[in-house]
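A short write-up of the structure that comes next.
Hydrogens, waters and symmetry mates play no part in the numbers below; they use all other heavy atoms, side chains included. In what follows, every chain begins at residue 1, and chains take the letters A, B, ... in the order their sequences are listed. Keep in mind it's a predicted model, so treat the numbers as computed, not measured.
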2 protein chains.
Amino acid sequence: MRPEIIPEPTLVRLTIYGRCLNDLIEEGATLVASDELAHRAGVNAAQVRKDLSYLGSFGRRGVGYDVRHLSDRIATAMGLTKERGFIIVGAGRLGSALMGYDGFNKKGFRAAAAFDADINKVGQAIGSVTIRDINELSSFVQANGTEIGIITVPASFAQSVADSLVKAGIKAILNFAPIVIKVPAGIRYRQVELSSEMEVLAHYLNSQGD
Amino acid sequence: MRPEIIPEPTLVRLTIYGRCLNDLIEEGATLVASDELAHRAGVNAAQVRKDLSYLGSFGRRGVGYDVRHLSDRIATAMGLTKERGFIIVGAGRLGSALMGYDGFNKKGFRAAAAFDADINKVGQAIGSVTIRDINELSSFVQANGTEIGIITVPASFAQSVADSLVKAGIKAILNFAPIVIKVPAGIRYRQVELSSEMEVLAHYLNSQGD
DNA sequence: ACTTGTGAAGATGTTCACAGCA
DNA sequence: TGCTGTGAACATCTTCACAAGT
């Protein structure tokens, strides 16, 4: 089974499997069975096998999967074989935290620049980069061919920042601002809704029992 | 239609509708139709009506929904009618950013305390709270009846922090550490996978076209 | 004997389409 | 006429269960 497109829930789980496989490599394991991987990823074994089948069939029946090969296969599928630059727009606390987030580096994402509209912040360093004036955003993206833009500005500015990013030629946007943003077809868009996460927990706290 | 349980995708969308309704209130709107709300939330109108039907039927046919009433109804369903304290374990950059995240306050979540294992951080202030020693975690949760714990420690410490939180009596956990955590049944658990978000974008960047 | 790979079944979620009410 | 509320149709996702390979 090898369709051109992989379902999104599968993509998300593949990233989790990828991380579990890294752990297994560090532990010195060379083989892993679907139920071991399932246990580590918090899903069931049939799910793991179905998910992996989207990448081809390279497990060995009666044996399991080769840890290193599977790890490589997932990295390839997730497009992690080359370094990708990203920029962050909005150098507040959240933006600064993401700028130095180690999990991004580990997967080959490199913080290329940070931008802010606040003149007082411009010139300050966060991690290895200097905060730039937001007016330089377009020229920077064009000059560097940056693919991914992360939005961490207040909600009221998020749509216009997204528009600028798109106009500048960015290909994918990860939005942390609490507002649904409209992007043209062809631009990849994902949103992290921090408040929603808490609200869903609150809902469950209220409806006790199950 | 009013089943005891609301599907999780619906819960997440309800939080988005809630935010859109707040915007509408600020704009002075008193009525809203499902397609207007759908447009703002980035979903389709049938989805909005189906989602809202889980809360009962109080729209007016031919007219729409009363903005304020709908907003209240959603807040009630999401358990946002009372203030809830949360604590953050791991006072690094991400933890500090979340500590002061405005979106939480707006929905009635109150930062009650922050904890860290690093002795040098203990005593420092982030926002309105002081960083405490992680050994005080259990007594604090018990004394204050804190319901929600946010984990922003490195992956290698996350499971043991979660165990401590559970033992201390926390009811819900929001985990930002890049590792799947096991919690006993009855504890509400959600995970924000920052790296997964980027990896999914990278996947789509690779498989150009559609 | 053990574990994968996968059709088929089952469960869940989304969209359609229209009856019903203002 | 306009918009909701919702069964029914459709689409998607998950799990089962077992044939097939080692």
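In the displayed structure, A/Phe157 atom CZ is contacted under 6.0 Å by at most 12 heavy atoms of other residues, nucleotides or ligands. Within a 6.0 Å sphere centred on NZ of A/Lys167, other residues, nucleotides and ligands contribute 12 heavy atoms or fewer.
Looking at A/Gln159 and A/Asp163, their side chains do bring a donor and an acceptor atom within 3.5 Å of each other.
For B/Glu193 and A/Lys107, the salt-bridge test fails: no basic side-chain N is under 4.0 Å from an acidic carboxylate O.
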For nucleotides 16-22 of chain D, 5' to 3', base contacts (B), sugar-phosphate-only contacts (S) and non-contacts (-) with protein non-hydrogen atoms under 4.0 Å give BB-BBBS

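Between B/Ser34 and D/dC3, a side-chain N or O to OP1/OP2 separation shorter than 4.0 Å is absent. In terms of phosphate contacts, B/Arg13 brings no side-chain nitrogen or oxygen within less than 4.0 Å of OP1 or OP2 of C/dG13. Regarding contacts with the backbone of C/dG5, a side-chain N or O of A/Tyr65 is found under 4.0 angstrom from either OP1 or OP2.
Looking only at distances, a side-chain donor or acceptor of A/Thr152 sits under 3.5 Å from a matching main-chain atom of A/Gly90.
Atom CD of A/Glu8 is separated from atom C1' of D/dA11 by 15 Å (rounded to the nearest Å). The nearest whole Å value for the distance from the CG atom in B/Leu11 to the P atom in C/dG13 is 10 Å. A straight line from CG of A/Leu37 to P of C/dG5 spans 12 Å, rounded to a whole angstrom. Rounded to whole angstrom, the span from the OH atom of B/Tyr54 across to the P atom of C/dG13 amounts to 7 Å. Protein atom CG of A/Asp35 is 15 Å distant from nucleotide atom C1' of D/dT15, rounded to whole Å. The nearest whole Å value for the distance from the CG atom in B/Leu52 to the P atom in D/dT4 is 9 Å. Atom pair A/Asp51:CG and D/dT15:C1' shows a separation of 12 Å (rounding to whole Å applied). Atom CG in B/Leu70 sits about 14 Å away from atom C1' in D/dC3, given to the nearest Å.
The stretch residues 55-91 of chain A participates, sequence neighbours left out, in these ring-ring contact (aromatic ring centres under 6.0 Å, His included) pairs: A/Phe58-A/His69, A/Phe86-A/Phe104.
The listed nucleotides are C/dT14, D/dT6, D/dC13; the one nearest the side chain of A/Pro7 is D/dC13.
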Yes or no on side-chain contact (heavy atoms from CB on, under 4.5 Å) for B/Leu14 and B/Leu55, after CA distance, side-chain angles and deciding distance?
CA-CA 10 Å; B/Leu14 285 174; B/Leu55 308 180; 4.0 Å; yes

